[in-house]
Amino acid sequence: MTVSPRRNRPRRDENANLDADRVRQGVASVQQWTDGAWQVRGIGAGASVKTYRCPGCNQEIRPGVAHLVAWPADGLGDLTDRRHWHSGCWRARDRRGPAVQRGRSAPRY
């Protein structure tokens with residue numbers, strides 16, 4: 001019979017210091033872009049339960065898809081100023097122009 005050695009150090013509960021809201025909603029950070037400072041918070045796939053429209057590509061962000069939420073960091077806005085973005089669209093927003101809305105019958109030039 002093989003005996004494993006005894007642990008001399010007590011096990012720390014690694015999850016004890018995590019706040020449930022911070023785990024679910026992520027930690028907001030301030031990012032500086034050419035159009036100003038933005039509060040940005042990552043939303044995990046498990047916390048994404050609604051469908052949103054990404055302003056970068058004008059495509060849907062389906063429930064269960066990890067993405068991020070951005071809003072102006074100046075503190076002057078309200079909840080209607082929050083926008084849900086695909087992570088790649090947010091990173092590429094300085095390199096691409098605004099999404100042009102066209103009708104189905106409009107020429108594509």
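Just so you know, these numbers use all the heavy atoms, side chains as well, and skip hydrogens, waters and symmetry mates.
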>> Quick check for you: to the nearest 0.5 Å, what is the distance between Arg41 atom CZ and Ser29 atom OG?
In response: 9.5 Å
> Tell me, do Val40 and Val69 make a side-chain contact under 4.5 Å, heavy atoms counted?
Replying inline: no
> With no hydrogens and no angle check, do the side chains of His67 and His84 hold a donor and an acceptor under 3.5 Å apart?
Replying inline: yes
> If every non-hydrogen atom of Arg91 is compared with every non-hydrogen atom of Arg95, which pair is closest and at what distance?
Replying inline: O-NH1, 3.6 Å
>> Would the distance check show the side chain of Arg53 and the main-chain N or O of Asn58 forming a donor-acceptor pair, the cut-off being under 3.5 Å?
In response: yes
> Is there a side-chain contact between His86 and Ile61 (heavy atoms, below 4.5 Å)?
Replying inline: yes
> Between Gln31 and Trp90, do the side chains contain an N or O donor and an N or O acceptor separated by less than 3.5 Å?
Replying inline: yes
> Does Ile43 reach the side chain of Leu68, with side-chain heavy atoms less than 4.5 Å apart?
Replying inline: no
> Shortest non-hydrogen contact from Gly56 to Cys89?
Replying inline: CA-CB, 4.3 Å
> Of Arg83, Arg93, Gln32, which meets side-chain contact (heavy atoms from CB on, under 4.5 Å) against Trp38?
Replying inline: Arg93
